[in-house]
**Student:** 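My structure is below; once you've seen it, I'll send some questions.
Each chain gets a letter, A, B and so on, in the order the sequences are listed, and its residues count up from 1.
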There are 2 protein chains.
Amino acid sequence: MKALVFDDALRFDPRRPEPAAADGDTLIRVHQAGVCSTDLEITRGYMSYRGILGHEFVGTVVDSPDAALVGQRVCGEINCPCGRCDLCRSGLSNHCRERTVLGILNHDGAFADHVRLPATNLHVLPAGVDDDRAVFVEPLAAAFQITRQLRLDSKTWVTVLGDGRLGLLVAQVLRNAGCPVRMIGKHAEKMALCEKWQIRSRGLNDIAPRHDQDVVVDCTGSAAGFELAMRLVRPRGTIVLKSTVAQGIPLNLAPLVIDEVTVLGSRCGPFGEAIRALADDAVDVLSLVHKRMKLEQGVEAMELAGRPGVMKVILTM
Amino acid sequence: MKALVFDDALRFDPRRPEPAAADGDTLIRVHQAGVCSTDLEITRGYMSYRGILGHEFVGTVVDSPDAALVGQRVCGEINCPCGRCDLCRSGLSNHCRERTVLGILNHDGAFADHVRLPATNLHVLPAGVDDDRAVFVEPLAAAFQITRQLRLDSKTWVTVLGDGRLGLLVAQVLRNAGCPVRMIGKHAEKMALCEKWQIRSRGLNDIAPRHDQDVVVDCTGSAAGFELAMRLVRPRGTIVLKSTVAQGIPLNLAPLVIDEVTVLGSRCGPFGEAIRALADDAVDVLSLVHKRMKLEQGVEAMELAGRPGVMKVILTM
């Protein structure tokens, strides 16, 4: 089959073997998949991953031990837990010690004609969530995770740092949660989107950090973002850390102690809520689509997705 | 008066002017004061502080607008809030935007014959808390702060990283809170103390981090400590950051996101609980006294306190 592989270098492989059947796994024919910053970080060394990239996908079930799934249009959760370790047994299977993670850790990803996942990872998509929306379920679920970790209401002043793909989803989800949200970014066209969504936005160079935000969500994927977050958040406030970067950078954490700040790492989230929000048109994802490209152009597509200001690049199979 | 001053360099000043009276401030004759790692960090540039050092003290009230205080033996909280800013009005006066901090921020400290503090900062000491114990009230209160920030019980597995002055207080407080506590340190004599206190301890080189601790309290004051904490804490666990360092070091925060770890900055704590614990002999602080030295030997005393393995150095006036 065709696949986009990272294996020391990024390359399109026109004759990759189909994923081998694993006990209980379901085979899905991929329709399309989104390029995520994590994919870009992997090509810079993150997670030392080697294999087929891609974890934001929509497809049709071709074969499954769960007969009811066959022929259904699905998206899939990316963590494949063992079900037996202490974390799985304590309800933290997303953090399973033996897990594989689609396109990120010991599990071939979805930038390919076919992908395998356990049937329990799959979510059948309602007709209202078309393929273009469906590739956003995974990152949108990650945005919803914040609402599970933090008590948020109309008195919670939130700043979202970073107007990238994830930041623009997070801003919408927290606005819907009733918070006064401000987005801080760099790109005029993203600011225009915020205006369309009635979310306040400011340019990175137009702000004077005043240690007065209840919650700062760092979606910048840069060390500078975390430092700015420490200057924006109020004493006893919360910084939510959403994006991962491969490189360590010099950081002085003393402000966290002095201001008794809480930092909350936040990763994957609830697919059900994300699908519902898309079905209800409560979150605009279509405005985030920058370009659709064929899988054969995958190397080019990844290069494009890495350029400043470029939003979601979708690979079609 | 005599004072130990940091003013580009650390020096003993035999003729420092007495602290000027400020509205509502109480004048205290200092008996003795403890050297803290924060004092050492200040001499390395932390907080850009210039003035008399010292914030862990015990003394006798000489003069006060509160007549009942005169002649009383007291210790004192170090944050002097404005009482008017948004944070003071919301009950976060320890984080007051206009605060001064004894010996740390725009407020001459207690390594001197006399010190001034607002009467409301002072706590009268019961007879059971003698002067040697009393200099530990401030750091012990900082250790108690953790019990206010986190729910802790007999099922909370805690590792305290760093067998320095603060770490040894934190380990005792969390042991008293009912947690299974393990101390990780470097020095045989500190391990022996832990054994005496029936707190488990391990050498830094004898551990295999397994991402299995519910709570890791970083009292190392080093960047390496925070990195080790990220490898010790379980997914969805908590790292409590107690110590501040002046220097930033390269840090990769991706593990916080991947494991959805909570980092909790923790600073000053409840003096009342610390005084009660000392009065009840619930925490052993006398074993932490390394040496008592005259204020005149302050420069030497600070140098001594900075050597690896040295515990509390007390300055007597």
Side-chain angles (χ1 to χ4, degrees), chain A residues 38 41 46-47 85-87 90-97 99 101 104-105 142 145 148-149 210-212 218 221 223 225-227 230 233-269, chain B residues 38 41 46-47 85-87 90-97 99 101 104-105 142 145 148-149 210-212 218 221 223 225-227 230 233-269:
Chain A
T38 302
E41 282 297 319
Y46 179 64
M47 297 297 287
C85 71
D86 56 327
L87 293 167
S90 67
L92 294 176
S93 63
N94 269 0
H95 292 281
C96 166
R97 297 189 191 277
R99 73 184 179 278
V101 185
I104 296 174
L105 179 66
Q145 178 70 352
R148 297 209 155 180
Q149 294 175 289
R210 277 198 301 249
H211 288 283
D212 62 359
D218 180 10
F226 190 73
E227 259 165 3
M230 289 196 283
V233 72
R234 69 163 170 83
R236 296 266 176 93
T238 301
I239 297 173
V240 180
L241 206 50
K242 277 304 307 182
S243 46
T244 49
V245 283
Q247 296 300 313
I249 39 84
L251 266 180
N252 182 348
L253 300 183
L256 300 181
V257 178
I258 296 169
D259 289 337
E260 297 194 316
V261 169
T262 299
V263 179
L264 216 50
S266 178
R267 192 165 45 98
C268 299
Chain B
T38 302
E41 282 298 318
Y46 178 61
M47 297 297 286
C85 71
D86 57 326
L87 292 167
S90 67
L92 294 176
S93 62
N94 269 0
H95 292 281
C96 166
R97 297 189 191 276
R99 73 184 180 276
V101 186
I104 295 173
L105 181 65
Q145 179 69 354
R148 296 208 156 180
Q149 294 176 291
R210 279 199 299 250
H211 289 282
D212 62 359
D218 180 11
F226 190 74
E227 260 166 2
M230 288 196 284
V233 73
R234 69 165 170 81
R236 296 265 177 94
T238 301
I239 296 173
V240 180
L241 206 50
K242 277 301 311 178
S243 45
T244 47
V245 283
Q247 296 301 315
I249 39 82
L251 267 180
N252 182 348
L253 300 183
L256 300 182
V257 178
I258 296 170
D259 288 337
E260 296 194 315
V261 168
T262 298
V263 179
L264 216 51
S266 178
R267 192 164 48 97
C268 300

**Student:** So which of His211(B), Lys242(B), Arg97(B), Gln149(B) has the biggest tally of heavy-atom pairs under 4.5 Å with chain A?
**Tutor:** Arg97(B)
**Student:** For chain A, which candidate among Ser266(B), Pro255(B), Cys268(B) shows the most heavy-atom pairs at distances under 4.5 Å?
**Tutor:** Ser266(B)
**Student:** Which atoms of Leu241(B) come close to chain A, meaning under 4.5 Å heavy atom to heavy atom: side chain ones, backbone ones, both, or neither?
**Tutor:** both
**Student:** Does the side chain to side chain contact (heavy atoms under 4.5 Å, CB included) test come out yes or no for Val233(B) and Asp259(B), once each step is laid out?
**Tutor:** CA-CA 9 Å; Val233(B) 73; Asp259(B) 288 337; 5.7 Å; no
**Student:** Measure Asp212(B) against the heavy atoms of chain A and call it side chain, backbone, both or neither at under 4.5 Å.
**Tutor:** both
**Student:** Output the distance between atom CZ (Arg267(B)) and atom OG1 (Thr38(B)), rounded to the nearest 0.5 Å.
**Tutor:** 10.5 Å
**Student:** Check whether Ile258(B) gets within reach of chain A through its side chain, its backbone, both or neither, counting any heavy atom under 4.5 Å.
**Tutor:** both
**Student:** Please look at Leu264(A) and chain B and tell me whether the side chain, the backbone, both or neither of the residue comes under 4.5 angstrom of a heavy atom of that chain.
**Tutor:** both
**Student:** Just so I understand: if I count every heavy-atom pair under 4.5 Å between each of Arg234(A), Met47(A), Gln145(A) and chain B, which residue has the most?
**Tutor:** Gln145(A)
**Student:** Would you name the heavy atoms of Gly221(B) and Ser243(B) that are closest together and state the gap between them?
**Tutor:** N-OG, 2.8 Å
**Student:** Name the region of Leu92(B), side chain, backbone, both or neither, that has any atom closer than 4.5 Å to a heavy atom of chain A.
**Tutor:** side chain
**Student:** How long is the gap from CG on Leu256(A) to CZ on Phe226(B), to the nearest 0.5 Å?
**Tutor:** 7.5 Å
**Student:** Which distance, rounded to the nearest 0.5 Å, do you find between the CG of Asn252(A) and the OH of Tyr46(B)?
**Tutor:** 8.5 Å
**Student:** What heavy-atom pair brings Pro250(B) and Glu227(B) nearest, and what distance separates the two atoms?
**Tutor:** O-OE2, 3.7 Å
